[in-house]
Amino acid sequence: MIIFFICLTILILGYKFYSPFVEKQASMDTTIDTPQKRFSEGVDYVAIHPVRAFLIQFLNIAGVGPIFGPILGALYGPIALVWIVLGNVLGGAVHDFYSGVMSIKEDGKSLPEIAGKYYNVVFKGFMLIFTAMLLFFVGVVFIMSPAGLLSNLDVFKETIFANNTFWVLAILAYYFLATLLPIDKIITKFYPVFGLLMIVMTVAIAVSLLINAPHLPVAGDFLAYFEADHAHDFLTPNPDGLPTWPLLFITITCGAISGFHSTQAPIIARCLTNEKYVRPVYYGAMMCEGIVGCVWALAGIAAFPEGYTGLKEMLDLGGPGLVVNHIANSYLGVFGGIMAIIAVAVFPITSGDTAFRSLRLTVVDAFNIPQSLRNRLLLAIPILTIAYFMTKLDFSVIWRYFAFSNMLLSTSVLWLATKYLFDRGTFHWIASIPAIIATAVTLSYIMTAAIGLNLSSDMGKPIGVVVAVVGFIALAIVDLKHKGKITH
């Protein structure tokens, strides 16, 4: 139990003491007009109260990722909690904050447009391709996963609501409206309520686990982990032989660090009425997602009397959705279980709709398309039609590409934040150190993964680490030259 409270304490202290330092480097100006005030048009640039903005941002980023990812990450043991907490405070929250900063400083533009300004048109094109890919993958994942959860509820047995296709079409219909309509017609009205619902249900799950779960990790579990035979080999601790480096960092992205979050930043950046709200909205929402990730990682670790074996068997039987069903029903009863599962289904739906909305905004920014109703229709219809046919693909395949695209985009955004800070002469290492680590993870994964080059572990993993070390040295030299400490 104490481990869980240590995790919460670190997240809270990270926001209290580290986030002001991160904000100080960003050159925020609370006296200037925000994009919302300069471009108000009643569709995307609409003023939102900061509390509502926080709840909407929280729901935008906290889809199925901080639930499914940590459950899968629990297979690696208590080390999953360490990655969620440290990855969040030092990497993910910094990533989200600077995604919001750069967007609000650049008229609420999408990240590919900002990349074009700070780097070049090639990097802009790279960001545009991978942003569009990721948003499609996210949208499809967030159709398939909630449809699967809702259609498997016991209460819907032998009814039309037990049909997965029914829920796919219903969710797509909602996504069409949320993508098409002005932001204040659906999103700003309902998301704060959904956000409160998810906070309440997450707290309920956490309290129930702390009281009833049979295998809560304790400090001794961490000591045992590092004293075990695999302690000298961080690469192969998983009982199935799955390497922690880099798979844990790819498996748990949402909750620790997620490139998808950068795609959501412009939605709220176009609605904030003052730059002083950027830190509580963006950094604060990521802290909350970290708490959600810790709760579900704890659930995966602690909720099965058989320990790792029980979790693995249930994942093999029905994936993380079945684990959510089991935990909710076991610890909250029938009614509480239904409410928790519905809440978990709401999470991805409220990220899926904004994923497609962000895709529309990204295309609009890239090609300077006027936002008339006709043009919004011409964009929304083909986007969602393609998404429907993608739901026919294997979920596990979509998830693998989503996870890799997610990590690659977060790495790119951290390098973009590094350039933003470097140009201002402030302490860029708060972004560049996480960028270097993310580069090592991403390269190590693509070198060894089946969807990548499929090299052997001994050959593939060192490549990512070597490139990261070389990158660190090169950046340090450039930094010293920039400051005039190296003249030749």
Side-chain angles (χ1 to χ4, degrees), residues 10-32 34 83 85-106 109 111 114-115 117-120 123 127 249 256-259 261-262 265 269 272 274-287 289-290 407 409-442 465 467-487:
I10 293 173
L11 289 170
I12 293 169
L13 292 178
Y15 180 78
K16 177 68 175 177
F17 296 106
Y18 188 58
S19 70
F21 175 73
V22 171
E23 181 183 44
K24 184 179 179 181
Q25 315 309 314
S27 305
M28 305 305 288
D29 188 344
T30 61
T31 65
I32 63 174
T34 62
W83 164 234
V85 171
L86 295 183
N88 188 308
V89 174
L90 301 178
V94 173
H95 168 280
D96 287 18
F97 173 73
Y98 278 101
S99 296
V101 167
M102 290 185 289
S103 186
I104 203 169
K105 292 287 189 182
E106 298 297 332
K109 292 288 181 63
L111 267 297
I114 299 171
K117 174 180 177 179
Y118 284 96
Y119 281 100
N120 51 48
F123 194 60
M127 290 282 285
F249 305 92
I257 182 171
S258 171
H261 298 182
S262 68
L272 292 179
N274 195 297
E275 288 191 3
K276 68 182 179 182
Y277 301 131
V278 173
R279 179 170 67 94
V281 167
Y282 289 95
Y283 204 106
M286 188 57 189
M287 291 291 99
E289 185 178 273
M407 195 65 187
L409 187 59
S410 67
T411 303
S412 302
V413 172
L414 285 169
W415 282 117
L416 186 56
T418 298
K419 184 65 164 58
Y420 173 89
L421 293 170
F422 195 88
D423 287 351
R424 280 157 177 73
T426 52
F427 191 72
H428 66 79
W429 296 106
I430 57 174
S432 54
I433 292 295
I436 289 166
I437 295 171
T439 299
V441 171
T442 304
V465 176
V467 169
V469 171
V470 171
F472 174 80
I473 294 171
L475 184 61
I477 292 172
V478 171
D479 187 49
L480 290 173
K481 285 185 176 180
H482 183 72
K483 293 176 179 177
K485 294 182 179 180
I486 296 180
T487 56

Q. Passes side chain to side chain contact (heavy atoms under 4.5 Å, CB included), Gln25 versus Tyr98? Steps please.
A. CA-CA 10 Å; Gln25 315 309 314; Tyr98 278 101; 3.4 Å; yes

Could you tell me whether the side chain of [Y] reaches within less than 4.5 Å of the side chain of [X], counting heavy atoms only?
X	Y	value
Ile104	Tyr282	no
Tyr118	Glu106	yes
Met102	Lys109	no
Val101	Glu275	no
Thr34	Tyr277	no
Ile257	Leu414	yes
Glu289	His261	yes
Met127	Tyr119	no

I need the minimum non-hydrogen distance between [X] and [Y], along with the two atoms involved.
X	Y	value
Val94	Leu90	CG2-O, 3.6 Å
Lys105	Ala26	CE-O, 4.2 Å
Tyr283	Val89	OH-O, 2.9 Å
Ser27	Arg424	OG-CD, 3.9 Å
Ala93	Met287	CB-CE, 3.6 Å

**Q.** Aromatic ring proximity, centroids under 6.0 angstrom, Phe472 and Trp429
**A.** yes

Roughly how far apart are [X] [atom1] and [Y] [atom2], rounded to 0.5 Å?
X	Y	atom1	atom2	answer
Ser258	Asn88	OG	CG	11.0 Å
Leu409	His95	CG	NE2	6.0 Å
Asn274	Thr30	CG	OG1	5.5 Å
Thr426	Tyr420	OG1	OH	7.5 Å
Phe123	Leu416	CZ	CG	6.0 Å
Phe21	Phe427	CZ	CZ	5.0 Å

Which donor-acceptor pairs under 3.5 Å do the side chains of residues 13-20 make with protein atoms, sequence neighbours left out?
| residue | atom | partner | partner atom | Å |
| --- | --- | --- | --- | --- |
| Ser19 | OG | Tyr15 | O | 2.3 |
| Ser19 | OG | Arg279 | NH1 | 2.8 |

Q.
Tell me if a side-chain donor or acceptor on Ser103 pairs with a main-chain N or O of Ser99 at a distance below 3.5 Å.
A. no

Q) Under 3.5 Å, side chain of Thr442 to main-chain N/O of Thr439, donor-acceptor pair present? A) no

Only distances under 3.5 Å count here; give the side-chain donor-acceptor pairs of residues 430-437 to other protein atoms, sequence neighbours excluded, each with its distance to 0.1 Å.
| residue | atom | partner | partner atom | Å |
| --- | --- | --- | --- | --- |
| Ser432 | OG | His428 | O | 3.1 |
| Ser432 | OG | His428 | ND1 | 3.0 |

